[in-house]
Amino acid sequence: MEKGYRILALSHNVLGEKSQLLCLIFLKDRPKKEAKKILEYFEKQGTQIKIISGDHPKRSHLLQKRSV
C-alpha cells in the first residue's frame, strides 16, 4: 500500500480463542490547505525544509509531495 493511508484494524477477541479480524479502515490524511503557502514562504526566505515524523518514510514523502 503506497498511497499514504493510515490503516486501522479492528478485531474481536474472546478469551482462549484466536482474534478474529473484523475490518480494516483506511484513513487518508491530507495536508492542511495553507501548508503549500507556508512551505513556499519559508523556501523564499532560504529556509531548508525538513520533515520530522514517526510515520513510515514513504508516507512522509507522499505527504510532502502533496504539500508542494
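Just so it is clear, the structure is predicted and the values come from calculations on it, not from any experiment. Side chains are part of it too, since the values below use all heavy atoms of this structure and drop only hydrogens, waters and symmetry mates.
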Working to the nearest 0.5 angstrom, can you tell me the gap between Lys18 NZ and Asn13 CG?
12.0 Å
Gap separating the CD atom of Glu40 from the CD atom of Glu34, nearest 0.5 angstrom
13.0 Å
Quick one: closest heavy-atom pair of Ile7 and Leu24, and the distance?
CG2-CD2, 4.1 Å
Tell me whether Val14 shares a hydrophobic cluster with Leu10, the cluster being built from Ile, Leu, Val, Met, Phe, Trp, Tyr side chains joined at under 4.5 Å.
no
